[in-house]
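Shown next, in structure tokens, is the structure this report addresses.
All chains are named by letter (A, B, ...) in the order of the sequence lines, taking the proteins before the strands, and each is independently numbered beginning at 1.
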Number of protein chains: 2
Amino acid sequence: MSNPAGQRRRGPGRPGYDQATVLRRAIELFNRKGYEGTSMGDLAEELGFSKSAIYHHVPSKTHLLAQALDEALDELTVVIREAQDESAGSAYERLRSVVRRSVEVLVAHQPAVTLLLRVRGNSEVELEALRRRRWIDARLADLVRAAAQEGAIRDDLPPDLVSRLLFGMVNSLIEWYRPEGEMSATVVADAIATIAFDGLTKRPS
Amino acid sequence: MSNPAGQRRRGPGRPGYDQATVLRRAIELFNRKGYEGTSMGDLAEELGFSKSAIYHHVPSKTHLLAQALDEALDELTVVIREAQDESAGSAYERLRSVVRRSVEVLVAHQPAVTLLLRVRGNSEVELEALRRRRWIDARLADLVRAAAQEGAIRDDLPPDLVSRLLFGMVNSLIEWYRPEGEMSATVVADAIATIAFDGLTKRPS
DNA sequence: GTCTATATCCTGATAGAC
DNA sequence: GTCTATCAGGATATAGAC
């Protein structure tokens, strides 16, 4: 915490991490081994010091989880807020835009979003995160419904089902996307939009 | 094990469960609370007897997980085998068919497949399951590549990316689909095929 | 087939020395 | 700010009575 950059502090001495760095490494571990499958001992080992020293940086394991889930939820909430601004275009345009923005958030905050999407509701922190997530999902469904009512997208499929499948495809990114890979967020977002809105089948056009 | 139907055995006496029933309830709990978040004590409580009595039915917690993952992997492997039979039609036809069959398996074996899709590689059992799953994913990508080479689906998107997104959409079913709901596997499979192959955008047609 | 009791280990978290 | 030592509780799994 005396070290905003998360780097080594003094010439000699132990590593020294700030809160943000500890959080980042914790989320990494939670995703690799699962939250319950990761012990504070594991995290200590990862950071290179003893188990008890962690509690100098962070109040509890639960607090680490809460911070991570908030990071993801706050970012996704911003995307929803943008999509609710009707002056930004038709529902169809805003739906395409929210797909793109969601991909951007998933890519930029992949570890935190991954953690969020795996939450099961095992504690009060997780239940609260699930509540916020359900609110987001409901707003996405609203947008799909509005686009269907505009006549912009097909109305022969239940909007709730379309919403689940469309954002199911978006969310599946977290299973394989790695920012250090060669695929940019733009390429992925374009591919999702192309598949979802234009379809895979080749057309004469 | 003396009770193939998983029902009460004698008039008087304790419930009495067979292996299959214990496994089914275990998978249910693993999905609700996570595998690591579920203790054998939780499972005992769910089944209505003491913690230690479970070990009369099942050798270990790990064994329960292995059985569940095998159930899912065996079913998905059958789907892949079917799709590899080139006499069954063009790659495009087989791709559409494998999407439908995957949905059927996800719906019929939803709890086991859910567990499989959440495995992180935390133990030897999980690592072996991940190996088998990666093999399946690779065969699905082969099929998408073949369909693109046939000229049946668009070739302006990387086949590996298409495969990940397409089956990401299929797999996202496990997050919300409940067999007791009003949506049949057929409706869901049709919706996925329509979105993925024809697209959401309304066309003059 | 289920129970109580127990063995052994690991968990999140704290106390206090340096 | 990190350490060793420790706590109380819970984990998987086993032993042996009934």
Restricting to nitrogen or oxygen on both sides, can you table the protein-nucleotides 9-13 of chain D pairs closer than 3.5 Å?
from, atom 1, to, atom 2, distance (Å)
dT12(D), OP1, M40(B), N, 3.2
dT12(D), OP1, K61(B), NZ, 3.2
dT12(D), OP2, M40(B), N, 2.8
dT12(D), O4, K51(B), NZ, 3.3
dA13(D), OP2, Y55(B), OH, 3.1
dA13(D), OP2, K61(B), N, 3.1

- Presence of H56(A) side-chain N/O under 4.0 Å of dT14(C) phosphate oxygens OP1/OP2: no

- Could you check K51(B), R32(B), K33(B) and say which one makes a salt bridge (Lys or Arg N to Asp or Glu O under 4.0 Å) with E46(B)? R32(B)

- Task: Would you kindly say whether Y55(A) and S60(A) are connected by a side-chain donor-acceptor distance under 3.5 Å?
- Result: no

- Do T21(A) and D18(A) meet the criterion of a side-chain donor-acceptor pair at a distance under 3.5 Å? yes

- On the 0 to 90° scale, with breaks at 30° and 60°, tag the H57(B)-F49(B) ring pair as parallel, tilted or perpendicular. parallel

Between [atom2] of [N] and [atom1] of [X], the distance in whole Å:
X      : N       : atom1 : atom2 : result
E45(A) : dT11(C) : CD    : C1'   : 15 Å
F49(B) : dC18(D) : CZ    : P     : 22 Å
H57(B) : dT14(D) : NE2   : P     : 15 Å

- Selection residues 99-128 of chain B - residue pairs positive for ring-ring contact (aromatic ring centres under 6.0 Å, His included), sequence neighbours left out: none

- Item | Within 45° cone of F197(B) ring axis and under 6.0 Å: R96(B) NZ or CZ | yes

